[in-house]
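Inspection log for the structure reproduced underneath, given as structure tokens.
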Amino acid sequence: MSTIGTIDRPATHDPMKQVPTMTPPVPETPAPDTSGAPEARQNRNREMQLMQEALARAHMHDRLQEAESERQAVRLAAARRMQRRAERASLRARRALAMAVMQ
């Protein structure tokens with residue numbers, strides 16, 4: 001009795017004696033001319049990568065501008081607070097001087 005092996009367990013380990021397996025179909029139409037295709041594909045990949053890098057660079061530039069604008073706004077708010085504090089201290093000093101002169 002001849003036992004036919006399976007894909008996982010072939011009947012023999014000799015490749016020449018194994019049952020032929022399915023082979024991929026041979027295309028009937030000739031392959032299109034791909035002269036220069038790898039180069040074009042490589043260029044397209046490089047262009048896509050460069051586009052992604054440019055997009056990331058532009059995004060980082062925008063984020064840095066936002067951060068700088070935020071820092072400038074914080075500095076301006078702090079400067080205004082200090083200016084109001086200085087004005088109040090100046091008014092207190094003038095009042096104290098006026099009170100001292102009045103007495």
Side-chain angles (χ1 to χ4, degrees):
M1 179 173 142
S2 167
T3 56
I4 298 176
T6 62
I7 293 174
D8 293 332
R9 297 180 186 273
T12 177
H13 292 291
D14 185 6
M16 296 306 288
K17 295 181 183 175
Q18 288 183 5
V19 178
T21 58
M22 291 181 55
T23 59
V26 177
E28 295 178 11
T29 58
D33 182 25
T34 58
S35 61
E39 295 158 9
R41 192 172 300 125
Q42 187 176 9
N43 285 341
R44 188 168 57 238
N45 287 344
R46 185 176 300 122
E47 287 174 16
M48 290 298 290
Q49 184 176 0
L50 292 177
M51 284 173 48
Q52 292 294 329
E53 287 178 6
L55 183 63
R57 199 172 296 116
H59 184 66
M60 284 301 298
H61 180 70
D62 291 346
R63 295 297 305 264
L64 286 172
Q65 280 186 331
E66 282 178 26
E68 182 60 34
S69 171
E70 185 72 24
R71 283 191 293 267
Q72 190 174 6
V74 168
R75 284 194 301 262
L76 181 62
R80 286 184 177 160
R81 272 194 312 270
M82 287 189 283
Q83 182 179 4
R84 285 194 300 267
R85 179 184 281 177
E87 287 172 357
R88 285 194 303 267
S90 173
L91 281 174
R92 282 195 304 270
R94 288 170 82 188
R95 282 191 200 123
L97 182 62
M99 294 293 275
V101 170
M102 294 287 279
Q103 292 178 355

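FYI, the numbering just counts along the sequence from 1.
Contact check on Glu68 versus Arg75 returns a salt bridge, with a Lys/Arg side-chain nitrogen under 4.0 Å from an Asp/Glu carboxylate oxygen.
Rounding to the nearest 0.5 Å places CG of Leu50 at 11.0 Å from CG of Asn45. Residue Gln72 holds its CD atom at 11.0 Å from CD of Glu70, rounded to the nearest 0.5 Å. Separation of atoms CG (Leu97) and CE (Met102) is listed at 11.5 Å; rounding is to 0.5 Å. From Gln65, atom CD reaches atom CZ of Arg63 across 12.5 Å, with rounding to the nearest 0.5 Å. To the nearest 0.5 Å, the span separating NE2 on His61 from CD on Glu66 amounts to 11.0 Å.
Looking at heavy atoms from C-beta onward, Arg57 lies in side-chain contact with Glu53 at the 4.5 angstrom threshold.
Within a 6.0 Å sphere centred on CD of Glu87, other residues, nucleotides and ligands contribute more than 12 heavy atoms.
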